[in-house]
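Just so it is clear, the model here is predicted, and its values are computed rather than measured. Both ligands and their constituent atoms are indexed starting at 1 by order of listing. Residues: numbered from 1 along the sequence shown. Values below: every heavy atom of this structure, side chains too, minus hydrogens, waters and symmetry copies.
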Amino acid sequence: MTDYRIGPQTQRLTLRAMTIDDAPAFFALNSHPDVMRLTGEPPLQSEDEARKAIADYPDFDKVGYGRWGCVLKETQSVIGFCGLKYLDDLKEVDIGYRFLPEYWGQGLATEACVATMAFGFDVLNLERIIGLVLPENTASIRVLQKLGMRHDSEFRYDGMIVHRYTIASDDRPAI
Ligand SMILES: CC(C)(COP(=O)(O)OP(=O)(O)OC[C@H]1O[C@@H](n2cnc3c(N)ncnc32)[C@H](O)[C@@H]1OP(=O)(O)O)[C@@H](O)C(=O)NCCC(=O)NCCS
């Protein structure tokens with residue numbers, strides 16, 4: 001299994017696995033009420049929790065890929081995460097992303113996702129990528145739509161009704 005802790009580069013971002021040194025940035029992101037509100041996840045309560053979450057993150061060891069930290073090249077700071085996650089229960093690969101609010105509205109999530117999607121199709125040779133989103137998360141839905149993903153179903157997942165967006169490798173847009 002190839003280890004993809006080093007992810008793609010985009011014009012403004014470097015994508016790479018988080019390390020323990022990223023715990024303060026990871027905590028700032030995952031404890032921010034505006035960031036967490038529509039993710040369906042509880043906010044982290046302490047930097048210790050952030051350290052533990054990074055240390056125990058199993059995906060890279062298990063399948064070789066996972067959610068990467070997004071480092072803004074201009075400042076070298078971690079401003080979000082983006083990446084693919086294998087969902088064992090659904091047998092699907094899910095694209096996920098999250099950025100600090102001061103960086104919203106600049107196309108950064110889309111930029112990170114375009115590179116992540118290309119990685120999924122070109123490097124991992126995936127046939128399909130899905131995105132799970134709460135129906136009220138209109139900004140996230142917009143990102144999925146800009147990637148060319150289409151709504152295909154809705155179902156109960158982790159106790160919430162989620163909407164599933166999908167794209168097949170044959171249907172990727174030329175972005
Ligand atoms: C979702 C999120 C990652 C988007 O990040 P971003 O860098 O601002 O995204 P982009 O700039 O690439 O694109 C956002 C798009 O949504 C649009 N948008 C922003 N807020 C919106 C809203 N409230 N309603 C509808 N569209 C909205 C923007 O106009 C833009 O579309 P456009 O390019 O057509 O104008 C960011 O809002 C975030 O981190 N949210 C909290 C975490 C989260 O919910 N993650 C997703 C879980 S499924």
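To the nearest 0.5 Å, the span separating NE2 on His32 from CG on Leu100 amounts to 7.0 Å. Here the CG-CE distance, from Leu44 to Met36, works out to 6.0 Å after rounding to the nearest 0.5 Å.
Within the structure, salt bridge (Lys or Arg N to Asp or Glu O under 4.0 Å) pairs that include any residue of residues 102-130 comprise Arg12-Glu111, Glu92-Arg128, Asp122-Arg172 (at least two apart or interchain).
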Could you walk me through whether Phe119 and Trp68 pass the side-chain contact (heavy atoms from CB on, under 4.5 Å) check? CA-CA 12 Å; Phe119 169 85; Trp68 293 295; 3.5 Å; yes
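Tested against Val162, the residues Val133, Asn137, Leu132 include a single side-chain contact (heavy atoms from CB on, under 4.5 Å) partner, Leu132. Tested against Thr75, the residues Val71, Val78, Leu72 include a single side-chain contact (heavy atoms from CB on, under 4.5 Å) partner, Leu72.
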Which pairs of N or O atoms, one from ligand 1 and one from the protein, are separated by less than 3.5 Å, and what is the distance for each pair?
unit_1: ligand 1; atom_1: 7 (O); unit_2: Ala109; atom_2: N; d: 3.1
unit_1: ligand 1; atom_1: 8 (O); unit_2: Gly105; atom_2: N; d: 2.7
unit_1: ligand 1; atom_1: 11 (O); unit_2: Gly107; atom_2: N; d: 2.8
unit_1: ligand 1; atom_1: 12 (O); unit_2: Thr110; atom_2: N; d: 3.0
unit_1: ligand 1; atom_1: 12 (O); unit_2: Thr110; atom_2: OG1; d: 2.5
unit_1: ligand 1; atom_1: 13 (O); unit_2: Lys146; atom_2: NZ; d: 3.1
unit_1: ligand 1; atom_1: 24 (N); unit_2: Thr138; atom_2: OG1; d: 3.0
unit_1: ligand 1; atom_1: 33 (O); unit_2: Lys146; atom_2: NZ; d: 2.7
unit_1: ligand 1; atom_1: 34 (O); unit_2: Arg142; atom_2: NE; d: 2.8
unit_1: ligand 1; atom_1: 34 (O); unit_2: Arg142; atom_2: NH2; d: 3.1
unit_1: ligand 1; atom_1: 39 (O); unit_2: Phe99; atom_2: N; d: 2.9
unit_1: ligand 1; atom_1: 39 (O); unit_2: Phe99; atom_2: O; d: 3.3
unit_1: ligand 1; atom_1: 39 (O); unit_2: Trp104; atom_2: NE1; d: 3.1
unit_1: ligand 1; atom_1: 44 (O); unit_2: Asn137; atom_2: ND2; d: 2.8
unit_1: ligand 1; atom_1: 45 (N); unit_2: Tyr97; atom_2: O; d: 2.9

